[in-house]
There are 2 protein chains.
Amino acid sequence: MSRWPDRLRDMTTSSTRSTSGSSSRSGSYHHGDLRQALVSEAVRIIREEGEKSLSMRKLALNIGVSRTASYHYFADKQALLCAIAEEGFRRYNAMLSEVHQNGRRPPSAESMRDFVRGYVQFATEQTEYYDLMFGGHIWESGTSTDSLRKESHNSFRNYVSNVRSWKEQGLISDKVDALRFSQVSWSTLHGISRLIIDGIYADSAAIEPICENAAEMFWRELAP
Amino acid sequence: MSRWPDRLRDMTTSSTRSTSGSSSRSGSYHHGDLRQALVSEAVRIIREEGEKSLSMRKLALNIGVSRTASYHYFADKQALLCAIAEEGFRRYNAMLSEVHQNGRRPPSAESMRDFVRGYVQFATEQTEYYDLMFGGHIWESGTSTDSLRKESHNSFRNYVSNVRSWKEQGLISDKVDALRFSQVSWSTLHGISRLIIDGIYADSAAIEPICENAAEMFWRELAP
DNA sequence: TACGTATTTTGACAGTGTCAAGAATGGGTC
DNA sequence: GACCCATTCTTGACACTGTCAAAATACGTA
């Protein structure tokens, strides 16, 4: 006679379980892949109900484990959020290398436009990740995970070294300061994204021309 | 024999009381200027201990009133934060009109640099306000106060109409789209500020050259 | 002095993150 | 197969949080 028959019965039919896929043995005391299930469900909650609505207790309840089970995989809530942000950086890098076609595409007015569009699209469509990646909550007071810090530094370093290599190949003006340009242009992209996400640029029809304008401005800076 | 002798004694010597100034009658049941005291103390807590550390209960305790007294002036915590953001917009507008010398200063490479510096300085030094003004928490899910929304719209409209009037006076290139330029440049300013605030541009020595670069980029867009 | 209104308090409820201690499980060794 | 132990999960508990409803207090005014 089990001590939690209802919960177990619920678990086998829970929609949550179907997403975790591989190694989850339904009906067992051990979940099988709790760590991944936690991250997935957390992302789902943030996307569909907002970050504020994510609590460790509700998260565990939805998955079908007890409130503190998660603490075996994440030291605290912050660590969970860091793990999600890391996943975000992985997706972000994938998006970047697709837009840049792995560096095989020379910079141009068009490539700039595609890049700006891609960035803003990623930020505004995958808000669940973007908010955590550059949201501040994670970074303030230095409570972020080591691996997350490494991942994010990598991301920006790639960005700069991209510009630098363009300059060395003579594809852009040699007057450009690669580091400064990267910082300022990234700021612009980040600013556009944040203002859209936060609903301050409410008119969604304005997004496209804003991106175009930004891309033109960037290219005016870079053009040989 | 009073029912809360300790609290009353504390109140008269509390450092909090001394800041409220004018109409507070110390030692009385009625606080005198509780609304203002709440805002001031809330700002203090956010600045010195971080926004996360601000709770309605602690706030009331610090001031020396009971936990729910604040709800007579603010419908909920969100409303309190909106009030602080409004105060922030007032300070922001003051800063702007000082930098622009009330519109009497024609746009130039120097004025651009001063403007960028002023903006970033305001954002990074008065983080308590800036975070709330453009922080998202307040805007998401449309729970912001009417008066706050009005104040913020005003702020941006002023910014655009400034650029527009420059254009009409022939002080900048007539190829500039005032609205688009305003949106993109504001995004850049916001992006720089956020990335500094969030500690992602950790090197504080980089701030100055970043601002300079941004200002140059802006002026290249505007120069007649 | 009495009354109504503005202001503040107490009590209560449903949440939250997280620690410490214990219980169930599964894999490896004899 | 029986045993043991590390891994995984649960229960209980504590100190917090925002906020509602009802009661208490003080003040201005008639």
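Within every chain, numbering begins at 1; the chains are lettered A, B, ... in the order of the sequence lines, protein sequences first and strands thereafter.
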Please report, rounded to the nearest Å, how far the [atom2] atom of [N] is from the [atom1] atom of [X].
X      : N       : atom1 : atom2 : value
Y71(B) : dG11(C) : OH    : P     : 18 Å
R57(A) : dG12(D) : CZ    : P     : 13 Å
H72(B) : dC20(D) : NE2   : C1'   : 15 Å
R67(B) : dT19(D) : CZ    : C1'   : 11 Å
D76(A) : dT16(C) : CG    : P     : 17 Å
L61(A) : dT16(C) : CG    : C1'   : 14 Å
M56(B) : dT17(D) : CE    : C1'   : 11 Å
L38(A) : dT8(D)  : CG    : P     : 13 Å

message: Does a side-chain N or O of S66(B) approach OP1 or OP2 of dT10(C) to a distance below 4.0 Å, or not?
response: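 False: S66(B) side-chain N/O out of range (4.0 Å or more) of dT10(C) OP1/OP2.
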
task: Give T68(A) one of three labels, base, sugar-phosphate or nothing, depending on what nucleic acid heavy atoms sit under 4.0 Å from its own.
output: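 Answer is base: heavy atoms of T68(A) come under 4.0 Å of a base.
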
message: Regarding Y73(B), tell me which of base, sugar-phosphate or nothing describes its non-hydrogen contacts under 4.0 Å with the strands shown.
response: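 The answer is sugar-phosphate, as Y73(B) gets under 4.0 Å only of primed atoms, P, OP1 or OP2.
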
field: Earlier contact from the 5' end, DNA chain C, for S53(A) and S70(B)
entry: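 Closest to the 5' end, via its nearest nucleotide, is S70(B).
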
query: Just checking, is any N or O donor in the side chain of S185(A) or Y159(A) under 3.5 Å from an acceptor N or O on the other one?
result: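 Side chains of S185(A) and Y159(A): pair found under 3.5 Å.
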
- prompt: Would S147(A) and E151(A) count as having a side-chain donor-acceptor pair, cut-off 3.5 Å?
  reply: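 Checked: S147(A)/E151(A) side chains show no N/O donor-acceptor pair below 3.5 Å.
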
query: Between the main-chain N or O of L54(B) and the side-chain N or O of K77(B), is there a donor-acceptor pair closer than 3.5 Å?
result: yes

query: Residues two or more places apart in sequence or in another chain: which of them pass ring pair (Phe, Tyr, Trp, His ring centres under 6.0 Å) with Y71(A)?
result: none

message: Of the options dG17(C), dT10(C), dT7(D), whose atoms approach the side-chain atoms of K77(A) most closely?
response: dG17(C)

